[in-house]
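Quick note: numbers below take in every heavy atom, side chains included, and nothing from hydrogens, waters or symmetry partners. Lettering of chains follows the sequences in order, A, B, ..., and the numbering in each one begins at 1.
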Amino acid sequence: ETGVTQSPTHLIKTRGQQVTLRCSSQSGHNTVSWYQQALGQGPQFIFQYYREEENGRGNFPPRFSGLQFPNYSSELNVNALELDDSALYLCASSLKASKRDYGYTFGSGTRLTVV
Amino acid sequence: QKEVEQNSGPLSVPEGAIASLNCTYSDRGSQSFFWYRQYSGKSPELIMSIYSNGDKEDGRFTAQLNKASQYVSLLIRDSQPSDSATYLCAVNNNDMRFGAGTRLTVKP
């Protein structure tokens with residue numbers, strides 16, 4: 001299967017709850033990155049996983065955590081949801097070789113609404 | 001100082017004109033540079049990548065990179081209404097950082 005797939009597409013949660021978002025990487029890619037995009041803003045880097053290890057993190061609190069699995073699929077977990085966590089969450093996969101990234105392929109995103 | 005800065009626009013050009021989009025970045029160690037297009041309600045899609053100083057052309061798109069000035073630009077020739085979207089500049093040094101995007105409107 002080609003392309004990056006994310007699930008679910010939409011989600012509504014209550015403040016204080018926990019959420020898990022899922023991503024399947026494009027075939028042949030070994031790196032997955034997660035982004036948060038608020039309305040009218042550019043994607044904000046949350047973290048990146050390379051070969052199942054966290055390989056960089058943006059300015060997000062520890063309640064944002066992740067995993068990458070041996071098949072390069074990934075999860076983003078957010079605990080203690082806040083209203084400001086409402087956003088589009090984007091997963092992007094890429095091939096990292098010799099420390100160079102050859103462009104990211106994005107999934108269609110998960111729209112999270114916290115009420 | 002933001003890591004990647006773009007003029008938020010909106011930028012409006014008539015059909016057939018050249019649209020010029022600009023971006024500056026702060027990390028001198030950045031290795032790779034990208035332009036993404038994002039239609040409203042959709043995810044970003046890669047349209048250009050550039051790794052070396054100079055120009056890179058792909059169809060109606062030309063990316064320009066000047067590492068000494070920490071400056072990246074995108075030119076869209078013969079702009080079409082279908083080019084109306086938000087254009088995101090992205091800079092990579094281990095991970096990818098995005099600008100806030102420039103909204104482009106091409107008027108028929």
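Note on A:Thr105, A:Asn55, A:Leu88: by heavy-atom pairs under 4.5 Å with chain B, the leading option is A:Asn55. For chain A, the option among B:Ala100, B:Gly41, B:Gly101, B:Ser40 with the highest count of heavy-atom pairs below 4.5 Å is B:Ala100.
No donor-acceptor pair closer than 3.5 Å links the side chain of B:Ser43 to the backbone N or O of A:Gly109. A donor-acceptor pair is defined here as one N or O able to donate and one able to accept, closer than 3.5 Å; no such pair exists between the side chain of A:Tyr104 and the backbone of B:Glu45.
For CG of A:Asn59, the number of neighbouring non-hydrogen atoms (other residues, nucleotides, ligands) closer than 6.0 Å is 12 at most. Atom NZ of B:Lys67 has more than 12 neighbouring heavy atoms from other residues, nucleotides or ligands inside a 6.0 Å radius. In this structure, B:Arg77 places its CZ atom where more than 12 heavy-atom neighbours from other residues, nucleotides or ligands lie under 6.0 Å away. Within 6.0 Å of the CZ atom in A:Arg15, the count of heavy atoms belonging to other residues, nucleotides or ligands does not exceed 12.
One distance of note links CD of A:Gln41 with OG1 of B:Thr86; it measures 11.0 Å at 0.5 Å rounding. Between A:Ser33 atom OG and B:Met96 atom CE the span is 7.5 Å, to the nearest 0.5 Å. Here the CG atom belonging to B:Asp95 is positioned 12.0 Å from the CD1 atom belonging to A:Ile46, to the nearest 0.5 angstrom.
Both B:Tyr25 and B:Trp35 sit in one connected hydrophobic cluster of ILVMFWY residues. Membership requires side-chain heavy atoms under 4.5 Å apart, directly or through other members. Hydrophobic clustering (ILVMFWY, side-chain heavy atoms < 4.5 Å, transitive): B:Tyr87 and B:Val4 are in one cluster. Under the 4.5 Å side-chain contact rule for hydrophobic residues, B:Leu75 and B:Val106 do not share a cluster. Both A:Leu11 and A:Val78 sit in one connected hydrophobic cluster of ILVMFWY residues. Membership requires side-chain heavy atoms under 4.5 Å apart, directly or through other members.
When all heavy atoms of B:Pro44 and A:Leu90 are compared, the closest pair comes out as CD-CD1, 3.8 Å. Contact between B:Gly99 and A:Pro43 at its shortest, heavy atoms only, is O-CD, 4.4 Å.
For chain A, the nearby part of B:Gln38 is the side chain; its heavy atoms alone come within less than 4.5 Å.
The ring of A:Tyr35 has its center closer than 6.0 angstrom to the ring center of B:Phe98.
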